[in-house]
Amino acid sequence: MDKIKKYGEEVLRSNSEEVKKIDGTILDIIKKMKKVLKEEKGLGLAAPQIGISKRIFIALDSEKKRIFTVINPEIIKKKGKEIDFEGCLSFPEMFFSIERAKTVVVKGQNDKGEDIIIEANGILARCFQHEIDHLNGKLIIDYATKEEKKVCKEKIERLLKK
Ligand code: CO
């Protein structure tokens, strides 16, 4: 079975639940997410992508070579705008151009349950916004133009038939 939930699976469209207590179950989920992210060579992963409807995401800061774990994330500030191509492990081999804020400030909790505030720029900021969308059931295809959808029509139909 696929480790990553693909477009068409209901869990990707659900509004994920807030994490009330960071216990062993949550830490196991985070561990699994890190393993899958590494295997799939992704930049970020949200819990619904492994079938768990909880407000958790991880993101790789490739420059600093660290992984951010953010639980119950919330964007508290956005600055600037930038359009770039974006992919998603739930949409294999598809890319859509998406406008995102250039800089975001995100608050949430880390895996120790501590309150954190992270300012992210560029690719990392894009990744944070993408992963938070996942927690709200929003996907990259929702930003795609008619033309972009047409180009990916066959790939999308193949996913939906599964
Ligand atoms: Co994604």
Side-chain angles (χ1 to χ4, degrees), residues 1-19 26 29-75 78 81-111 118 120-145 148-149 151-162:
M1 206 182 95
D2 280 347
K3 282 177 193 138
I4 300 270
K5 300 288 174 193
K6 304 281 164 34
Y7 180 52
E9 304 218 40
E10 226 177 278
V11 64
L12 293 178
R13 282 304 193 188
S14 61
N15 194 15
S16 292
E17 252 176 58
E18 193 189 328
V19 176
I26 297 297
I29 293 167
I30 293 167
K31 208 165 134 189
K32 191 177 171 198
M33 286 170 71
K34 286 181 177 172
K35 191 170 166 253
V36 171
L37 184 72
K38 202 173 166 189
E39 284 169 1
E40 303 287 327
K41 299 182 170 67
L43 279 182
L45 190 72
Q49 290 183 282
I50 59 162
I52 293 160
S53 195
K54 291 191 185 298
R55 304 191 80 80
I56 307 168
F57 79 77
I58 59 173
L60 185 69
D61 184 353
S62 50
E63 277 167 45
K64 290 172 195 143
K65 291 186 176 163
R66 59 170 290 194
I67 293 181
F68 290 103
T69 300
V70 190
I71 299 166
N72 302 325
E74 219 179 292
I75 295 173
K78 284 185 178 184
K81 280 196 163 81
E82 205 163 44
I83 298 174
D84 206 346
F85 283 99
E86 217 172 288
C88 177
L89 293 173
S90 299
F91 289 81
E93 293 158 47
M94 287 177 246
F95 296 91
F96 303 112
S97 68
I98 300 176
E99 184 182 279
R100 301 276 192 193
K102 232 177 187 171
T103 304
V104 290
V105 179
V106 170
K107 74 165 191 179
Q109 285 109 50
N110 65 14
D111 52 4
I118 309 165
N121 297 294
I123 295 171
L124 189 65
R126 181 168 292 275
C127 186
F128 279 13
Q129 292 167 83
H130 176 119
E131 302 313 331
I132 291 169
D133 271 354
H134 271 301
L135 305 181
N136 297 322
K138 190 159 185 179
L139 301 168
I140 54 173
I141 197 163
D142 303 337
Y143 296 92
T145 61
E148 285 179 318
K149 280 185 197 162
V151 171
C152 293
K153 202 169 168 259
E154 281 176 28
K155 286 176 186 164
I156 287 169
E157 279 172 357
R158 232 178 292 142
L159 284 180
L160 294 179
K161 258 183 224 148
K162 273 188 187 168

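Basis for what follows: all heavy atoms, side chains included, without hydrogens, waters or symmetry-related copies. Numbering of ligands and ligand atoms starts at 1, following listing order.
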(message) Measuring only between side-chain heavy atoms, which start at C-beta, is Gln49 closer than 4.5 Å to Glu131?
(response) yes
(request) Answer with yes or no whether the side chains of Asn110 and Thr69 bring together a donor and an acceptor at under 3.5 Å. (result) no
(request) State which residues pass salt bridge (charged side-chain N to carboxylate O under 4.0 Å, His left out) with Lys161; sequence neighbours excluded, sorted by chain then number. (result) none
(message) Can you see whether Phe128 has Arg100 sitting over its ring - NZ or CZ less than 6.0 Å from the centre and within 45° of the normal?
(response) no
(message) Just to be careful: counting only protein atoms that are N, O or S, how many fall under 2.8 Å of the Co ion (ligand 1)?
(response) 3
(message) If the threshold is 4.0 Å, N to carboxylate O, is there a salt bridge linking Lys3 and Glu40?
(response) no
(message) Regarding Arg13 and Asp142, does a basic nitrogen lie under 4.0 Å from an acidic carboxylate oxygen?
(response) yes
